[in-house]
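Here is the structure we will look at.
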Amino acid sequence: MTTDSLARRTRSFEDNRLVPVLFGPHNSHLARIEAQLGVRLAAVGNEVTATGSDVATDQAITALDRLWAHVRTVGDVGPADVDAEIRFAQHPAAPAGSVDDLQEPALPGFAPPGWRDRSIPTPKRAIRPRTPNQGRYIDALARTDMVFGLGPAGTGKTYLAVAQAVAMFTAGRVDRIILSRPAVEAGERLGFLPGDMKEKVDPYLRPLYDALYDMMPGERVAKLIETGVIEIAPLAFMRGRTLAHAYAILDEAQNTTEMQMKMFLTRMGEGSRMAITGDPSQVDLPRGTRSGLVQAIGLLEGVDGVTMTRFAEIDVVRHPLVARIVRAYEGT
């Protein structure tokens, strides 16, 4: 590419107090955009000039504009936020998710208006969406009795559901939090693992513990688990129960059988909410066993009181390599 063929675009940001937040420590956020989009960003005062190909400069300016909106709304921005906005600049036509997830329409090529304003208050901090689909999901969790979060790893499906459970418990809207997932990986080998039943299944439930400790003080979490107010248990422990006035989350739901899924969904009692999360493309059940999540999607899509939010590779908010790995596997 010759110098003459380079495109240049300049953007000014009017609030000098927030410009350092946008640029990052030692302009680290600008460097991150440069590295991922292959552009040159020159910052002078409150102006940034992007130099590169037409496509790359457009994407860089779009990412900066999105980040600026984030900074003005939230007051902060981190590397994961930068990565998320870069992905949306590269893939502007994000999947719309459920048609009922937001009352505001998602315009082609744009994030739905107002998605950044969604948040979930927890004792440690407010959990805010990093992508439009996360905004849709947060809205669905707040409004709907039963929510399915569907999509690849790293999109925040379980983390946001746990945040909503914590928020509703803290506000006194539910009395208990029930977190469950199938211990498919253990199978019949579970009995041969050392320790009591809790020690056997805890490794499969660790992601749920991690999310709780990220949102509530550790001593508070430990006390609530000790008293049974927060219950973290394998799916088999749900049989025969009615979960009243509880927020119940079923994680890794793609690894439930059809009977297990029906069993869990019908545990719902008075004053309860449910969130079911999983990736239908990552089923670990024995060959020939149909996923209960796949069946539930087909049966419950469009049922009143049930919302399904679908995530995609561009919603991955972990290390950017995770998004590339997901994309590579989707192409196989």
Side-chain angles (χ1 to χ4, degrees), residues 98 100-103 118-123 127 136-150 157-183 198 201 205 207-209 211-212 215-216 220-278 292-293 295-309:
S98 169
D100 191 42
D101 285 346
L102 284 180
Q103 296 180 9
R118 272 80 178 170
S119 67
I120 303 175
T122 70
I127 308 299
R136 295 185 175 94
Y137 189 49
I138 287 174
D139 190 70
L141 290 168
R143 295 191 297 113
T144 311
D145 288 343
M146 183 177 290
V147 179
F148 285 76
L150 310 170
K157 307 181 300 295
T158 302
Y159 188 84
L160 293 173
V162 173
Q164 181 65 24
V166 169
M168 291 188 67
F169 172 76
T170 303
R173 296 174 60 190
V174 295
D175 298 333
R176 294 183 295 158
I177 298 175
I178 312 293
L179 308 177
S180 184
R181 65 191 307 189
K198 183 178 185 299
V201 301
L205 304 170
L208 302 175
Y209 284 99
L212 280 172
M215 297 165 195
M216 303 178 75
R220 175 71 168 154
V221 174
K223 182 66 174 178
L224 293 172
I225 292 175
E226 180 183 349
T227 57
V229 175
I230 294 179
E231 182 178 352
I232 306 176
L235 179 59
F237 286 24
M238 298 297 107
R239 189 172 300 278
R241 303 175 58 185
T242 298
L243 305 179
H245 304 289
Y247 201 109
I249 298 173
L250 176 59
D251 188 32
E252 297 290 340
Q254 74 275 6
N255 289 329
T256 62
T257 65
E258 294 180 356
M259 289 297 294
Q260 286 174 329
M261 176 61 78
K262 180 181 178 181
M263 179 271 292
F264 180 81
L265 296 180
T266 55
R267 298 310 91 194
M268 194 172 193
E270 180 184 357
S272 289
R273 293 282 191 93
M274 280 189 171
I276 300 93
T277 67
L293 177 62
Q295 182 193 42
I297 293 170
L299 292 175
L300 301 180
E301 186 100 55
V303 171
D304 186 37
V306 177
T307 298
M308 297 194 183
T309 303

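Model, not experiment: these values are computed from the prediction.
Heavy-atom minimum distance, I230 versus M216: CD1-SD, 4.4 Å. Considering all non-hydrogen atoms of both residues, L293 and T256 come closest at N-OG1, 3.8 Å. Contact record, R173 with A142: NH2-O, 4.5 Å, taken as the closest heavy-atom pair. Across A296 and M261, no two heavy atoms sit closer than the pair CB-CG, 4.0 Å. Nearest heavy-atom pair across A211 and V162 is CB-CG1, 3.9 Å. Here the closest heavy-atom approach between residue A140 and residue T307 is recorded as CB-CG2, 3.6 Å.
The CG atom of L212 lies 6.5 Å from the CD1 atom of I177; values are rounded to the nearest 0.5 Å. In this structure, the separation between CD1 on I120 and CG on L160 is 5.0 Å, given to the nearest 0.5 Å. With rounding to the nearest 0.5 angstrom, the CD1 atom of I225 is 8.5 Å from the CG atom of L179. Once rounded to the nearest 0.5 Å, the distance linking CZ of R181 with OG1 of T277 reads 8.0 Å. Of the inter-residue distances, the one linking Q295 atom CD with L299 atom CG reads 5.0 Å to the nearest 0.5 angstrom. To the nearest 0.5 Å, atoms CG (L235) and CG (L250) are separated by 5.5 Å.
M274 has its side chain within reach of R267: a pair of non-hydrogen atoms, C-beta onward, lies under 4.5 Å apart. Side chains of L265 and I276 form a contact here, defined as non-hydrogen atoms less than 4.5 Å apart. No side-chain heavy atom of L208 sits less than 4.5 Å from a side-chain heavy atom of S180. Side chains of D145 and M268 form a contact here, defined as non-hydrogen atoms less than 4.5 Å apart.
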Could you go step by step and tell me if V303 and M146 meet the side-chain contact (heavy atoms from CB on, under 4.5 Å) rule? CA-CA 10 Å; V303 171; M146 183 177 290; over 6 Å; no
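Of the possible polar contacts, one joining the Y137 side chain to the K157 backbone as a donor-acceptor pair under 3.5 Å is found. No donor-acceptor pair under 3.5 Å is formed between the side chain of T144 and the backbone N or O of L141. Checking side-chain atoms of S272 against main-chain N and O of L243 turns up a donor-acceptor pair under 3.5 Å.
Open room surrounds CZ on R220; 12 or fewer heavy atoms of other groups in view lie less than 6.0 Å from it.
Remark: D175 pairs with H245 by the side-chain contact (heavy atoms from CB on, under 4.5 Å) rule, at least two apart or across chains.
For residues 226-242, the set of pairs meeting the salt bridge (Lys or Arg N to Asp or Glu O under 4.0 Å) definition, not counting sequence neighbours, comprises E231-R241.
For the residue pair E258 and Q260, no side-chain donor N or O sits within less than 3.5 Å of a side-chain acceptor on the partner.
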Please set out all donor-acceptor pairs under 3.5 angstrom arising from side-chain atoms of residues 164-171, sequence neighbours excluded.
| from | atom 1 | to | atom 2 | distance (Å) |
| --- | --- | --- | --- | --- |
| T170 | OG1 | V166 | O | 2.8 |

